[in-house]
Amino acid sequence: MEKEIPMTPAELSEILWGKYPEHQKRANQNFLKEVFLGLNIGGVWIWPETGRIFRKVNDIELVEIYE
């Protein structure tokens, strides 16, 4: 089992979309920030295209869930 590493939405956005053109990267980062703000602590977001799952752990960070 991999260790859960807390990251901010901006850090996760860079991991997920860091190689995209700047305008796409910015749009995706804004989208992820809105998703994050809508989650309660303990809430999850699933990225459907990849099946990756992320959980909000506090007011500023989330972690990827490995199963």
What closest approach, in Å, do S13 and N28 show between heavy atoms, and which atom pair accounts for it? OG-C, 4.3 Å
Go through the structure and list residues passing side chain to side chain donor-acceptor pair (under 3.5 Å) with E49, not counting sequence neighbours. W47
Are E14 and K25 packed together at the side-chain level, in the sense that at least one heavy-atom pair is separated by less than 4.5 angstrom? yes
Would you say the side chain of L32 lies within less than 4.5 Å of the side chain of W45, judging by non-hydrogen atoms? yes
Set of side-chain contact (heavy atoms from CB on, under 4.5 Å) partners for N30, sequence neighbours left out: R26
Sequence neighbours excluded, which residues qualify as side-chain contact (heavy atoms from CB on, under 4.5 Å) partners of I53? V44, I46, I65
Is there a path of hydrophobic side-chain contacts, each under 4.5 Å between heavy atoms of I/L/V/M/F/W/Y residues, joining L16 to V63? no
Determine which pairs satisfy salt bridge (Lys or Arg N to Asp or Glu O under 4.0 Å) with at least one residue from residues 35-48, sequence neighbours left out, and list them in order. none
Selection residues 52-61 - residue pairs positive for salt bridge (Lys or Arg N to Asp or Glu O under 4.0 Å), sequence neighbours left out: E4-R55, R52-E64
Sequence neighbours left out, what passes side-chain contact (heavy atoms from CB on, under 4.5 Å) with A27? Give chain and number order. none
For E11, give me all partners under salt bridge (charged side-chain N to carboxylate O under 4.0 Å, His left out), at least two apart in sequence or on another chain. none
So if you build clusters from Ile, Leu, Val, Met, Phe, Trp, Tyr with side-chain heavy-atom gaps below 4.5 Å, do I60 and F31 land together? no
Measuring from atom CG of L62 to atom CG of L39, what distance do you get when rounded to the nearest 0.5 angstrom? 8.0 Å
Membership question, hydrophobic clusters at under 4.5 Å side-chain separation (ILVMFWY): are I15 and F36 in the same one? yes
Sequence-distant partners of K33, salt bridge (charged side-chain N to carboxylate O under 4.0 Å, His left out), two or more places apart: none
Side-chain heavy atoms under 4.5 Å apart, restricted to Ile/Leu/Val/Met/Phe/Trp/Tyr: what other residues fall into the cluster of I5, or is it alone? none
Non-neighbouring partners of P21 that pass side-chain contact (heavy atoms from CB on, under 4.5 Å), sequence neighbours left out: H23, Q24
